[in-house]
Structures are given as structure tokens and as C-alpha cells.
Amino acid sequence: MAFQILLNFVIAVTWMLLSSSMTAQTFIIGYLIGLLIIFIMRRYFRERFYLGWAWAAVKLALIFLRELTMSNITVLLIVLNPKMDIRPAFFAFPTDLQKDWEIMLLSNLITLTPGTLVVHVSDDQRTLYIHAIDVDDVDNEIQSIKHSFEKAIREVGQS
Amino acid sequence: MIVIANILVVLLISIGVIFTVVAVIGVLRLPDVYTRSHAATKSTTFGVLCTLSGVFLYFWLIEGDFNIKLLLGIVFLFITAPIGGHIMGRAAYISGVKPSELTVKDELEEVVKQAKKDRTSQKMKSDED
């Protein structure tokens, strides 16, 4: 991916030299031309086209913002409820993610959404121990994290 | 145009203030350190996100000053807040702070006990050597 971005920059600078104008406008045009060339040639790279990666990252950010808003409202309702009717729980979350940065990203995102907090990561990095503020059904909670965050992170991590 | 921008700014900052107030109420009301940390670290991050976005929009749309530092503030907050929350929760659990009686399930207890046992046996072994 880093190689593709570098190549794109080289193409943009070449375009600037060819059209002998050193403005930001020419650079953007050259960058778009480079993007087109790399898109056409994408079969010959070992990695996938890097805009696909960027798109996956944007999707992850949107999912995160949605979850952040939803769970903030849930915590708001819990706190303002006159009866303290909560069922906190520590549960184990088995993760399929392999790379260090993927696990770090997953646990950071889980901790950032209110209502769930990663308390401990097992030594083999296969299990995250999560504290949740109000759990109806542990399996349900695990499935929802797996379907939202883990899936999106796996898409970003794919090379 | 100015009216729409003003409404947006006021709305965002109000939401931010409401969430910060709720975080304070949460810290006072919730039963134990783990549930309190939910209120303290999370709702404040959302409150600060909304407030800073509101301030950013105010400077951008009304004063005409595109201040990227405010957005950087949000980014740094979102990098550091979860780490603080995680470390506080973990330190509290390992040093033996009991969760409240409301807690319905605790799958971590066994793991921490086992780890502590391993550690003490290791220590005894190294003391013998």
C-alpha cells in the first residue's frame, strides 16, 4: 500500500514537471491521473488497490461514530433512570484477529464506546475480558461486537 | 446562512454540555469503580467531541478561521482516553477492588486468581534458589 501511494506521488510530480507548472492544481490533476493509471494496472500489484483500503477505513470510522452515539444515549438513559436497574458483567470475548495493531484497534474502539470497557487481554492475545455496564445476554453482546467492529477491522487489515 | 451556522453551533455545544453533566451525575450515582469509569471516561469524551466540534464550526463558519488545532485536540483525546480507562480498570481489578453486588457474571476472576497463584509459586521457587 505504501508503495502504491509513493508511486502515485511520483506520477503526480512527473505530471507537474511535464506540464511545467508547479501549482497545487496541477499536482491534484497529476494525482488523479496517477490514481487512474494505478487503478487500471491494479491486477499487477501484489496488494489490493489502496483506495479499497481507504474506503474500508472510512467505513470503520462511520460504524464507530454510529456506535459511539447509540451507546452514549444508552448510558445517558441508565444514569438518569431513577431506579439503578443495571446488570454489570465481566465476560470473555474470543477474537479471531491476529496482528498486534488489529487487536489494539479493536480494544481501543471497544473501550471508547460507552458501556463496554476492556479490562484485560489474555497472554496469548486470543481473549479480551470486557466489562459491560448492562448485559441482557452475553452471546448477544459478543455477536454485536463481532458483526460491527471485528468485521470492519478485518476488512481494513486485509492486504 | 449565519442563522443555520449559529443553530448548529449552539446545538453541538449544548449536547456536549448535557453529556458532560450526565457524566458527573454518573460518577456520583453508579455503584462501583468499573461502572463509574464508564461514565467518567466515555461520556466526557463524547461531550468534549461535541463541544470542540461546535467551537471548530463557530470559528470556521462565523469568524472565517479554519482552526485545525481543535480537530487535533479531538484526535489526541480519542487516542489517550481509552488507554487511561483500560489501565485504570485493569489496575483496579488486579489490585483487588471488588465489583458491586449487582454484577451478574465474572469470567475474569478465575484468570486473575490463576495468574496470581502462578506468580507466587514462581516467586517462592526463585527465593529457594
Side-chain angles (χ1 to χ4, degrees), chain A residues 61 64-65 67-94 103-124 126-139 141-142 149, chain B residues 15-16 18-47 49-50 77-94 97 99-112 114-115 118:
Chain A
F64 168 65
L65 271 184
E67 292 284 315
L68 187 72
T69 322
M70 300 279 287
S71 49
N72 255 306
I73 291 167
T74 325
V75 170
L76 180 114
L77 291 179
I78 287 173
V79 168
L80 294 184
N81 193 350
K83 268 191 294 178
M84 192 48 68
D85 183 22
I86 52 173
R87 277 151 300 168
F90 292 90
F91 62 91
F93 173 77
I103 295 165
M104 186 210 67
L105 194 61
L106 179 66
S107 46
N108 264 2
L109 291 183
I110 290 173
T111 310
L112 261 176
T113 44
T116 47
L117 169 76
V118 175
V119 184
H120 184 67
V121 182
S122 68
D123 290 338
D124 59 357
R126 280 304 182 74
T127 319
L128 305 177
Y129 292 91
I130 299 176
H131 178 262
I133 194 165
D134 191 17
V135 196
D136 287 327
D137 179 20
V138 171
D139 288 330
E141 201 87 0
I142 291 175
F149 286 143
Chain B
I15 292 173
I18 288 169
F19 272 98
T20 314
V21 170
V22 167
V24 174
I25 298 172
V27 170
L28 292 174
R29 283 198 65 200
L30 289 166
D32 64 350
V33 61
Y34 308 102
T35 44
R36 279 178 177 181
S37 85
H38 284 291
T41 60
K42 316 308 166 33
S43 302
T44 19
T45 49
F46 193 70
L49 170 80
C50 286
L77 189 77
F78 271 65
I79 294 173
T80 50
I83 298 170
H86 164 69
I87 290 296
M88 276 192 281
R90 196 183 135 111
Y93 199 96
I94 290 178
V97 178
S100 77
E101 301 93 48
L102 291 169
T103 307
V104 288
K105 195 171 182 184
D106 193 346
E107 292 181 359
L108 184 57
E109 204 175 8
E110 288 298 307
V111 183
V112 171
Q114 188 61 39
D118 289 350

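Chain identifiers are assigned alphabetically (A, B, ...) following the order of the sequence lines, protein sequences preceding nucleic acid strands; residue numbering begins at 1 within each chain. Just so you know, these numbers use all the heavy atoms, side chains as well, and skip hydrogens, waters and symmetry mates.
When all heavy atoms of A:Thr111 and B:Pro82 are compared, the pair lying nearest together is CG2-O, 3.5 Å. Closest non-hydrogen pair, A:Leu117 versus B:Ser37, comes out as CD2-OG, 3.5 Å.
Interface residue A:Phe64: only side-chain heavy atoms are found under 4.5 Å from chain B. Residue B:Leu49 touches chain A through its side chain alone, counting heavy-atom pairs closer than 4.5 Å. Interface residue A:Thr69: backbone and side-chain heavy atoms are both found under 4.5 Å from chain B. The part of A:Tyr129 that comes within reach of chain B is its side chain, from C-beta onward, which places non-hydrogen atoms under 4.5 angstrom from that chain. Interface residue B:Phe78: backbone and side-chain heavy atoms are both found under 4.5 Å from chain A.
With a 4.5 Å cut-off on side-chain heavy atoms, A:Ile86 and B:Pro31 count as touching.
Distance alone, capped at 3.5 Å, places no donor-acceptor pair between the B:Arg90 side chain and the A:Val121 backbone.
By the neighbour-count criterion of 12 heavy atoms within 6.0 Å, atom CG of B:Asp118 is densely surrounded, having more than that number from other residues, nucleotides or ligands. Heavy atoms of other residues, nucleotides or ligands lying less than 6.0 angstrom from CZ of B:Arg29 number more than 12.
Counting heavy-atom pairs closer than 4.5 Å to chain B, the top residue among A:Thr113, A:Leu68, A:Thr127 is A:Leu68. Note: A:Val79 leads A:Ile110, A:Ile78, A:Val79, A:Val75 in heavy-atom pairs under 4.5 Å with chain B. The greatest number of non-hydrogen atom pairs below 4.5 Å with chain B, out of A:Leu109, A:Asn81, A:Val135, is found for A:Asn81.
A tilted orientation is assigned to the rings of B:Tyr34 and A:His131, their planes being inclined by 30° to 60°.
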Might you work through the side chain to side chain contact (heavy atoms under 4.5 Å, CB included) test for A:Ile133 and B:Leu30, ending with a clear yes or no? CA-CA 10 Å; A:Ile133 194 165; B:Leu30 289 166; 4.2 Å; yes

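To the nearest 0.5 Å, the span separating CD1 on B:Ile18 from CG on A:Leu76 amounts to 8.5 Å. Distance check, rounded to the nearest 0.5 Å: CG of A:Asp134 to NE2 of B:His38 gives 10.0 Å.
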